[in-house]
There are 2 protein chains.
Amino acid sequence: MKRIGVVLSGCGVFDGSEIQEVILTLLAIEQAGAEAVCFAPDIEQVTVINHINGEAQTDVRRVLVEAARLTRGNITSLADADANTLDALIIPGGFGAVHHLSDFAQQRENCSVNEQLHRLFQEIHKQCKPIGLMCIAPVLVPKLVASEDPVRITIGNDPDTIEIVEDMGAEHVICPVDDIVVDEAQRIVTTPAWMVATRISDAARGIDKLVRRVVEMTL
Amino acid sequence: MKRIGVVLSGCGVFDGSEIQEVILTLLAIEQAGAEAVCFAPDIEQVTVINHINGEAQTDVRRVLVEAARLTRGNITSLADADANTLDALIIPGGFGAVHHLSDFAQQRENCSVNEQLHRLFQEIHKQCKPIGLMCIAPVLVPKLVASEDPVRITIGNDPDTIEIVEDMGAEHVICPVDDIVVDEAQRIVTTPAWMVATRISDAARGIDKLVRRVVEMTL
């Protein structure tokens with residue numbers, strides 16, 4: 001059975017992984033006949049957001065501990081992820097991707113990516129295994145893929161974010177919520193999910209398509 | 001469009017709503033052509049559990065604020081729920097159902113149900129609108145439905161829990177993860193979900209079936 005690494009960044013769209021994207025990803029991986037293996041960095045959250053009023057809270061939470069809520073405790077520190085035991089990687093969205101997997105939220109085009117994710121991503125990529133990213137997570141791609149040709153990705157249709165990822169060296173493709181963008185050469189698959197979605201069932205169509213393609217592309 | 005009230009109890013299987021059950025419910029409601037309207041009690045959590053090691057944490061969280069993570073902030077206090085504006089009610093599982101929607105975790109057969117949920121449930125039930133409950137949540141039914149005939153429910157196949165709900169006056173039916181138990185007279189639909197499931201895709205089959213039946217039973 002193919003093992004698909006899923007990298008989480010907390011639990012909740014405004015300070016972690018987008019919950020609906022994660023659960024739809026885990027469901028789609030099983031339905032594609034593969035197995036999800038979940039990871040998150042064992043670090044303190046940069047921010048904790050009250051999801052009703054959007055205000056920052058003062059309590060301290062850890063990314064790995066909160067992400068464990070999504071997987072009923074079945075999760076491993078990203079530090080222990082081994083590319084050799086995985087057939088592909090998927091990174092759901094949510095603000096955790098730009099707060100905890102990178103500092104894109106503060107640094108934009110000058111951002112850096114979490115060191116453990118950087119290592120894992122590069123190893124998976126070097127082994128020509130497919131990598132899927134959704135929602136805001138594709139902004140990390142130009143920092144992670146060093147290629148002569150710009151890597152083709154989508155973050156949906158948001159003009160400001162498109163400008164930044166193009167400045168970072170990516171080729172951006174406008175994409176509807178129920179579709180995916182595939183860079184066959186780089187083996188990178190992206191879908192806008194909740195960057196564009198207005199309903200969970202719309203996000204599900206794009207996520208299903210991304211997961212099925214990533215599983216098909218495994219070696 | 002039919003409006004299905006969904007009552008949440010926090011965010012995470014061990015101290016709130018079971019996340020996978022909630023997201024699968026929201027997806028199934030949309031796919032059945034209905035609209036989910038989410039509520040949670042605006043109360044302090046009885047407990048906060050570290051989902052990696054199962055230990056109690058010392059921080060204080062509120063049920064409504066944490067439940068808002070599941071719905072991207074789109075949630076209302078249970079105090080403001082109006083049965084007249086809803087066509088059905090669904091209550092997902094997770095330990096929040098027995099910590100925050102009731103005190104079943106401590107009091108077992110002598111438990112009482114959150115007053116706001118009690119009121120909403122009784123009004124929906126009196127209006128002959130269908131009610132679906134999954135996982136551990138069906139243990140609340142005998143406290144909420146006063147009928148001469150025992151109400152037929154399932155919590156899966158756990159002998160200890162079955163004994164308690166039978167002591168409370170329910171008729172328990174053993175049920176596999178991909179099926180539902182329907183009490184047509186009382187208009188109560190139940191499915192075991194993660195009381196029995198070992199995979200998210202198995203839980204999804206029972207939850208889909210429950211949601212479709214509840215939506216079909218709306219007036």
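Each chain gets a letter, A, B and so on, in the order its sequence line appears, and its residues count up from 1.
- Proximity to chain A among residues 94-106 of chain B is not found for any residue, judged by heavy-atom separations below 4.5 angstrom.
- Remark: of the listed residues A:L70, A:V22, A:L26, A:I200, A:I200 is the sole one forming a side-chain contact (heavy atoms from CB on, under 4.5 Å) with B:I23.
- Contact tally against chain B (heavy-atom pairs below 4.5 Å) for A:A203, A:A68, A:G54: the top residue is A:A68.
- Residue A:E163 places its CD atom among 12 or fewer non-hydrogen atoms of other residues, nucleotides or ligands, all under 6.0 Å distant.
- Counting heavy-atom neighbours within 6.0 Å of A:Q127 CD, excluding the residue itself, gives a total above 12.
- When heavy atoms are compared at a cutoff of 4.5 Å, A:R61 approaches chain B solely by way of its side chain, counted from C-beta outward.
- Rounding to the nearest 0.5 Å gives a distance of 9.0 Å between CD1 of A:I52 and OG1 of B:T76.
- When each of A:R69, A:Q57, A:H51 is checked for heavy-atom pairs under 4.5 Å with chain B, A:R69 comes out on top.
- Closest heavy-atom contact between A:L27 and B:A204: CD1-CB, 3.9 Å.
- Residues of residues 8-20 of chain B lying under 4.5 angstrom from chain A, judged on non-hydrogen atoms, are B:C11, B:G12, B:V13, B:F14, B:D15, B:E18, B:I19, B:Q20 in numerical order.
- Of the atoms belonging to B:L64, heavy atoms from both backbone and side chain fall under 4.5 Å from chain A.
- By the 6.0 Å contact criterion, CG on B:N74 is open, its count of non-hydrogen atoms from other residues, nucleotides or ligands being 12 or less.
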